[in-house]
Amino acid sequence: QVQLVESGGGLVQAGGSLRLSCAAVGRTFSSIGMGWFRQAPGKEREFVATINRSGGSTYYADSVKGRFSISRDNAKNTVDLQMNSLKPEDTAVYLCAGARTSWGARNAYEFDYWGQGTQVTVSS
């Protein structure tokens with residue numbers, strides 16, 4: 001079992017940056033794939049980025065490619081999402097997720113562990 005807690009959300013102007021962090025509690029963190037999703041009011045949960053268990057492979061949604069970067073530190077049991085050049089349409093609750101499948105998960109139903117989320121608001 002893995003418990004996930006996100007931090008780092010907040011209010012930022014368009015063009016600014018934020019760094020989200022997800023702390024994991026559990027002995028299996030280094031064996032699971034990790035990802036970030038987001039959900040805006042009235043919209044479905046949207047895939048943002050994923051990283052494999054070693055951190056050597058990453059994959060991004062087209063909407064954030066080139067602006068966001070996912071990374072992990074297995075020694076600290078953390079996974080981060082660096083968000084640059086933020087746009088108002090990036091406004092959402094951002095959720096950290098873990099998948100027992102070490103790589104390849106892209107859909108929310110493929111992830112087994114979820115955090116509570118952290119709010120990111122980008123003003124125009």
Side-chain angles (χ1 to χ4, degrees):
Q1 188 71 15
V2 178
Q3 295 178 327
L4 304 172
V5 179
E6 303 93 337
S7 62
L11 173 64
V12 64
Q13 288 188 334
S17 298
L18 277 176
R19 188 176 183 88
L20 305 183
S21 187
C22 174
V25 177
R27 299 173 62 183
T28 61
F29 177 77
S30 61
S31 67
I32 63 174
M34 296 297 297
W36 285 93
F37 286 75
R38 64 187 182 187
Q39 189 162 19
K43 294 188 177 181
E44 293 188 355
R45 192 164 293 186
E46 176 189 16
F47 168 78
V48 174
T50 189
I51 188 167
N52 73 336
R53 59 186 179 182
S54 71
S57 295
T58 58
Y59 182 82
Y60 299 90
D62 288 343
S63 58
V64 306
K65 198 173 296 181
R67 300 188 297 123
F68 290 12
S69 178
I70 188 171
S71 61
R72 68 188 294 165
D73 186 336
N74 286 341
K76 296 182 179 179
N77 277 18
T78 58
V79 58
D80 292 349
L81 184 69
Q82 177 66 43
M83 305 185 295
N84 299 326
S85 302
L86 282 161
K87 305 175 182 179
E89 51 263 44
D90 294 319
T91 295
V93 173
Y94 282 71
L95 303 106
C96 175
R100 287 194 290 265
T101 300
S102 64
W103 177 245
R106 304 280 188 271
N107 301 293
Y109 66 80
E110 296 177 292
F111 285 79
D112 306 287
Y113 313 110
W114 291 89
Q116 293 299 308
T118 185
Q119 177 70 46
V120 171
T121 303
V122 184
S123 63
S124 56

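Nothing fancy with the numbering, it's 1 onward along the sequence.
Tracing side-chain contacts under 4.5 Å through hydrophobic residues (I, L, V, M, F, W, Y), one never reaches Trp114 starting from Ile32; they form parts of separate clusters. The hydrophobic cluster containing Trp103 does not contain Val2, counting ILVMFWY residues as joined when their side-chain heavy atoms lie under 4.5 angstrom apart, directly or transitively.
The OG1 atom of Thr78 sits 4.5 Å away from atom CG of Asp73, with the distance rounded to the nearest 0.5 Å.
Scored by the side chain to side chain contact (heavy atoms under 4.5 Å, CB included) test, Val93 finds Leu95, Gln119 as partners (sequence neighbours excluded). Residues passing the salt bridge (Lys or Arg N to Asp or Glu O under 4.0 Å) test with Asp112 are Arg100, sequence neighbours excluded. Arg106 meets the salt bridge (Lys or Arg N to Asp or Glu O under 4.0 Å) test with no other residue; sequence neighbours excluded. The salt bridge (Lys or Arg N to Asp or Glu O under 4.0 Å) check on Arg53 picks up nothing, with sequence neighbours excluded. Scanning for side chain to side chain contact (heavy atoms under 4.5 Å, CB included) contacts around Thr58 gives Ile51, Tyr60, Ile70, with sequence neighbours left out. In this structure, Ala23 has no side chain to side chain contact (heavy atoms under 4.5 Å, CB included) partners at least two apart in sequence or on a different chain.
The shortest distance between side-chain heavy atoms of Met34 and Leu4 falls below 4.5 Å. Between Phe111 and Phe37 the shortest side-chain heavy-atom distance falls below 4.5 Å. Using a 4.5 Å heavy-atom cutoff, the side chains of Leu20 and Glu6 are not in contact. The shortest distance between side-chain heavy atoms of Thr101 and Glu110 does not fall below 4.5 Å.
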Could you give me the CA-CA distance, side-chain angles and deciding distance for Asp90 and Met83, then say whether side-chain contact (heavy atoms from CB on, under 4.5 Å) is met? CA-CA 10 Å; Asp90 294 319; Met83 305 185 295; over 6 Å; no
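Evaluation of the disulfide bond (SG atoms under 2.5 Å apart) test over residues 26-82, restricted to residues two or more places apart or in two chains, returns none. Within the structure, disulfide bond (SG atoms under 2.5 Å apart) pairs that include any residue of residues 30-72 do not occur (at least two apart or interchain). Residue pairs meeting the disulfide bond (SG atoms under 2.5 Å apart) criterion with at least one partner in residues 81-124, sequence neighbours excluded, are Cys22-Cys96. For residues 9-19, the pairs satisfying side-chain hydrogen bond (donor to acceptor under 3.5 Å, both in side chains) are Ser17-Asn84, Arg19-Asp80, Arg19-Gln82, with sequence neighbours left out.
In this structure, Ala105 and Ala99 approach most closely via the heavy-atom pair CB-CB, 4.0 Å. Here the closest non-hydrogen pair linking Val79 and Phe29 is N-CZ, 4.4 Å. In terms of heavy atoms, Leu18 sits closest to Leu86 at N-CD1, 3.8 Å.
The hydrophobic side chain of Val25 is isolated, with no ILVMFWY side chain under 4.5 Å apart from it.
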N/O donor-acceptor pairs under 3.5 Å from side chains in residues 41-49, not counting sequence neighbours:
unit_1, atom_1, unit_2, atom_2, d
Arg45, NE, Gln39, OE1, 3.2
Arg45, NH2, Gln39, OE1, 3.3
Glu46, OE1, Arg38, NE, 2.8

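The environment of CD in Glu89 is crowded: more than 12 heavy-atom neighbours from other residues, nucleotides or ligands sit within 6.0 Å.
Looking only at distances, no side-chain donor or acceptor of Gln116 sits under 3.5 Å from a matching main-chain atom of Val5.
Remark: Asp62 engages Lys65 in a salt bridge, criterion side-chain N to carboxylate O under 4.0 Å.
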